[in-house]
Chemist: 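I have a structure I would like to understand better, so I am pasting it below and will then ask my questions one at a time.
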Amino acid sequence: MKETVVSGIRPTGKLHLGNYFGAVANFVKMQHDYNCYFFIADLHSLTTHPTPSDLHGYVKHILVEYLACGINPEETTIYVQSDVPEVAELYLYLNMNAYLGELERSASFKDKIRSHPDNVNAGLLTYPTLMAADILIHRATKVPVGKDQEQHLEMTRTFSNRFNRLYNNDFFPEAQAYNFSQNLVKIPGLDGSGKMSKSSGDGNCIYLSDSPEVIRKKISRAVTDGGPAEENQAKPEAIQNLFDLMKIVSTPDTLTHFDELYSKMSIRYGDFKKQLAEDMIVFNTPIREKIEDLSKDTVYLRQVAKHGALKARESAHKTIKAVREIIGFKSF
Ligand code: ADP
Ligand code: TRP
């Protein structure tokens with residue numbers, strides 16, 4: 001029996017290199033060896049009240065981008081979360097055993113209180129139980145995500161273990177966050193600090209759908225400094241971030257070349273950025289071209305979503321049926 005894998009991304013924008021290397025690249029690699037479910041987390045995105053047309057547009061975007069990155073819908077179950085109502089049912093059950101104190105302590109909840117004090121809704125508070133429902137609905141053991149999701153996975157384990165203890169069984173397995181490189185990754189952004197994230201603005205992100213001109217412009221504006229002040233000095237964060245990006249898109253020789261120039265204080269940031277931009281363009285061009293083609297193929301997209309929903313519901317139904325029995329819902 002293959003191990004089961006689940007992951008999803010909220011449809012709140014286009015995918016960037018952080019989403020790719022933190023999550024989607026792992027989806028693509030895992031699909032051959034695992035029983036995979038990759039979904040579009042549209043229920044989660046309702047916490048920020050998107051308009052119906054924005055919501056639909058972004059769901060389509062993520063579906064197209066999953067396919068363009070190489071997720072094969074014949075091999076993998078790709079679906080839209082809201083097409084599987086069993087997830088919402090499991091979310092309700094899990095909420096009965098999720099405590100206010102632990103939900104309030106979640107780092108992402110605290111972040112949201114800080115960034116959107118005017119919209120602290122119950123959906124934000126219970127975001128981790130909905131995420132646990134996504135994972136447990138297929139009884140998954142591996143969850144490919146970036147480093148920022150580690151705490152959510154810890155909470156998923158708390159909820160599944162608590163459910164098992166309450167009903168004195170071992171129905172739900174323990175799910176672990178996963179990355180192919182052994183460690184969970186955090187891809188830096190272009191603004192000199194922190195991770196690549198949509199919430200830090202378009203200038204901070206390289207999107208998979210960015211054209212060569214846009215990539216060149218964004219990289220040329222990436223934050224740098226006045227250059228190294230002494231030989232072999234440690235790199236400040238903004239510079240290290242650009243080297244980290246070079247590490248993921250350029251060859252090891254290119255990276256070593258610029259590393260040596262930096263150590264010898266003879267690096268020219270203009271040349272360094274030009275090389276970084278060109279290597280990013282080489283990386284993203286095949287994906288961008290596929291995005292452009294697939295976006296036009298509505299019939300195919302509809303077929304993929306429909307097929308995925310059927311397969312996901314089949315698995316979800318089995319779990320919900322068992323959970324209902326465990327809880328004690330019995331028909332007369
Ligand atoms: P964003 O921060 O742009 O809103 P999301 O929070 O929607 O991105 O993340 C979707 C997925 O991509 C998650 O699995 C997350 O861990 C991963 N991810 C996002 N940004 C990064 C990053 N900079 N480095 C690694 N993984 C990331
Ligand atoms: N919370 C994840 C994010 O912000 C998205 C997500 C929702 C998810 N449900 C999930 C990821 C289940 C993995 C498994 O990126």
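Because the structure is predicted, anything quoted here is derived from the model rather than measured. Atoms within a ligand are numbered from 1 in the order they appear, just like the ligands themselves. Values below: every heavy atom of this structure, side chains too, minus hydrogens, waters and symmetry copies.
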Chemist: Considering the heavy atoms of Val143, write down every atom of ligand 2 situated less than 4.0 Å from one of them.
Modeler: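 That gives atoms 13 (C), 14 (C) of ligand 2.
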Chemist: Do any N/O atoms on Ser199 end up under 3.5 angstrom from N/O atoms on ligand 1?
Modeler: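 No, no N or O pair falls under 3.5 Å.
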Chemist: Can you find a heavy atom in the side chain of Ile219 that is under 4.5 Å from one in the side chain of Ile206?
Modeler: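 They are in side-chain contact.
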Chemist: Which of the numbered atoms in ligand 2 are below 4.0 angstrom from a heavy atom of His44?
Modeler: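 Ligand 2 atoms under the 4.0 Å threshold to His44: 7 (C), 9 (N).
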Chemist: Among all protein heavy atoms, pick the one closest to atom 3 (O) of ligand 1 and tell me residue, atom and distance.
Modeler: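 The answer is His16 NE2, 2.7 Å.
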Chemist: Quick one: does His16's side chain get under 4.5 Å of Asn19's, heavy atoms only?
Modeler: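 SC-SC contact between His16 and Asn19 confirmed.
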Chemist: For the residue pair Tyr262 and Tyr269, establish whether any side-chain heavy-atom pair is separated by less than 4.5 Å.
Modeler: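 Result yes, sub-4.5 Å side-chain heavy-atom pair found.
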Chemist: Identify, by atom number and element, the atoms of ligand 1 in contact range of Lys186, meaning under 4.0 Å from any of its heavy atoms.
Modeler: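 Matching atoms, with element in brackets: 24 (N), 25 (C).
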Chemist: Starting from atom 25 (C) of ligand 1, which protein heavy atom do you reach first, and at what distance in Å?
Modeler: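 The answer is Val185 O, 3.2 Å.
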Chemist: If we ignore hydrogens and angles and just use 3.5 Å, is the side chain of Asn35 paired with the main-chain N or O of Lys2 as donor and acceptor?
Modeler: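 No, Asn35 side chain to Lys2 backbone: no donor-acceptor pair under 3.5 Å.
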Chemist: Below 3.5 angstrom, do we get any N/O pair linking Gln149 and ligand 2?
Modeler: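 Yes, there is a polar N/O contact under 3.5 Å.
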Chemist: Would one find an N or O of Tyr127, backbone or side chain, under 3.5 Å from an N or O of ligand 2?
Modeler: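 Right, the criterion is met.
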Chemist: Could you tell me if the ring centre of His138 sits under 6.0 Å from that of Tyr79?
Modeler: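 Here the rings of Tyr79 and His138 have centres that are less than 6.0 Å from each other.
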Chemist: Heavy-atom pairs closer than 4.0 Å: do any link ligand 2 to the side chain of Val145, the backbone, both, or neither?
Modeler: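 Just the side chain.
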Chemist: Using a 4.0 Å cutoff against the non-hydrogen atoms of Ser7, which atoms of ligand 2 qualify?
Modeler: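 In order of numbering, the contacting atoms are 11 (C), 13 (C), 14 (C).
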Chemist: Have a look at ligand 1 and work out which part of Ile187, if any, has a heavy atom under 4.0 Å from it: side chain, backbone, both or neither.
Modeler: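 The part of Ile187 near ligand 1 is both the backbone and the side chain.
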Chemist: In this structure, is the centre-to-centre distance between the rings of Phe38 and Tyr66 below 6.0 Å?
Modeler: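 Tyr66 vs Phe38: aromatic centres not under 6.0 Å.
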Chemist: Are Glu278 and Arg216 within salt-bridge range, i.e. N to O under 4.0 Å?
Modeler: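 Answer for the salt bridge query: yes.
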Chemist: Suppose I only count heavy atoms of Met196 and a 4.0 Å limit; which atoms of ligand 1 are within that range?
Modeler: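 Going through ligand 1 atom by atom, the ones under 4.0 Å from Met196 are 20 (N), 21 (C), 22 (C), 23 (N).
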Chemist: Checking side-chain contact (heavy atoms from CB on, under 4.5 Å) between Asp134 and each of Tyr37, Phe39, Tyr91, which is the one that passes?
Modeler: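 Testing each of Tyr37, Phe39, Tyr91 against Asp134, the sole residue satisfying side-chain contact (heavy atoms from CB on, under 4.5 Å) is Phe39.
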Chemist: Taking the side chain as everything from C-beta on, heavy atoms only, tell me whether Phe329 gets closer than 4.5 Å to Val323.
Modeler: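 No. Closest side-chain heavy atoms not under 4.5 Å.
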Chemist: Would you name the heavy atoms of Leu255 and Lys247 that are closest together and state the gap between them?
Modeler: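 That would be CD2-CG, 3.8 Å.
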Chemist: Any nitrogen or oxygen of Arg10, side chain or backbone, less than 3.5 Å from one on ligand 1?
Modeler: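 Yes, since at least one N or O of Arg10 sits under 3.5 Å from an N or O of ligand 1.
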Chemist: Between Thr251 (side chain only) and Thr254 (backbone N and O only), is there a donor and an acceptor less than 3.5 Å apart?
Modeler: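 Yes, the answer is positive, given that a donor and an acceptor are paired below the 3.5 Å cut-off.
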Chemist: Can you tell which of Asn241, Asp244, Asp259, Asp225 makes a side chain to side chain donor-acceptor pair (under 3.5 Å) with Lys235?
Modeler: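 Only one option passes, and that is Asp259.
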Chemist: What is the minimum heavy-atom distance between Val145 and Ala177, and which atoms define it?
Modeler: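 Scanning both residues, the minimum pair turns out to be CG2-CB, 3.9 Å.
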Chemist: Any N or O on Lys195 sitting closer than 3.5 Å to an N or O of ligand 1?
Modeler: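 Among all N and O atoms of Lys195, at least one is under 3.5 Å from an N or O of ligand 1.
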Chemist: Identify which of Lys14, Lys147, Gln149 has a heavy atom lying nearest to atom 13 (C) of ligand 1.
Modeler: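 Considering heavy atoms of Lys14, Lys147, Gln149, the nearest to atom 13 (C) of ligand 1 sits in Gln149.
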Chemist: Specify the protein heavy atom at minimum distance from atom 15 (C) of ligand 1: its residue, its atom name, and the distance to 0.1 Å.
Modeler: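 Nearest neighbour among protein heavy atoms for atom 15 (C) of ligand 1, to 0.1 Å: Asp148 OD1, 3.3 Å.
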Chemist: Is it the case that ligand 1 has an N or O less than 3.5 angstrom from some N or O of Pro188?
Modeler: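 No; the residue has no nitrogen or oxygen that sits under 3.5 Å from a nitrogen or oxygen of the ligand.
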Chemist: What protein heavy atom sits nearest atom 9 (N) of ligand 2, and how far away is it?
Modeler: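 Of every protein heavy atom, Asp134 OD2, 2.7 Å lies nearest to atom 9 (N) of ligand 2.
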Chemist: Side chain, backbone, both or neither: which part of Phe38 comes within less than 4.0 Å of ligand 2 when only heavy atoms are counted?
Modeler: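 None of Phe38 does.
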Chemist: So which protein heavy atom does atom 11 (C) of ligand 1 come closest to, and at what separation?
Modeler: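 For atom 11 (C) of ligand 1, the nearest protein heavy atom is Asn19 ND2, 3.8 Å.
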Chemist: Give yes if a backbone or side-chain nitrogen or oxygen of Ile9 is under 3.5 Å from a nitrogen or oxygen of ligand 1, and no if not.
Modeler: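 N/O-N/O distance below 3.5 Å does not exist for this pair.
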Chemist: Kindly state whether the ring of Tyr167 and the ring of Phe163 have centres lying under 6.0 angstrom apart.
Modeler: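 Judged by ring-centre distance (under 6.0 Å), Tyr167 and Phe163 do meet the cut-off.
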Chemist: Starting from atom 5 (C) of ligand 2, which protein heavy atom do you reach first, and at what distance in Å?
Modeler: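 Heavy-atom neighbour on the protein nearest atom 5 (C) of ligand 2: Gly8 O, 3.4 Å.
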Chemist: Which of these, Ser108, Gly18, Gly13, has its nearest heavy atom closest to atom 26 (N) of ligand 1?
Modeler: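 Of the listed residues, Gly18 has the closest heavy atom.
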Chemist: For atom 2 (O) of ligand 1, what's the nearest protein heavy atom and its distance?
Modeler: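 Nearest protein contact, heavy atoms only, for atom 2 (O) of ligand 1 is Ser197 OG, 2.8 Å.
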Chemist: State, with a plain yes or no, whether a side-chain heavy atom of Met196 is found less than 4.5 Å away from one of Phe21.
Modeler: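 No; the side chains remain at least 4.5 Å from each other.
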Chemist: Relative to the heavy atoms of Arg10, which atoms of ligand 2 are at a distance of less than 4.0 Å?
Modeler: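 Once the distances to Arg10 are compared, the set is 4 (O).
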Chemist: Between Ala23 and ligand 1, is there a nitrogen or oxygen pair with a distance under 3.5 Å?
Modeler: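 Between Ala23 and ligand 1 (N or O atoms, distance only) the closest approach is not under 3.5 Å.
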Chemist: Would you say that more than 12 heavy atoms from the other residues, nucleotides or ligands in this model lie under 6.0 Å from the CD of Gln176, or not?
Modeler: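 Count over threshold, so yes.
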Chemist: Could you see which bit of Ile135 sits under 4.0 Å from ligand 2, with heavy atoms only: side chain, backbone, both or neither?
Modeler: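 Near ligand 2, Ile135 shows its side chain, while the N, CA, C and O stay back.
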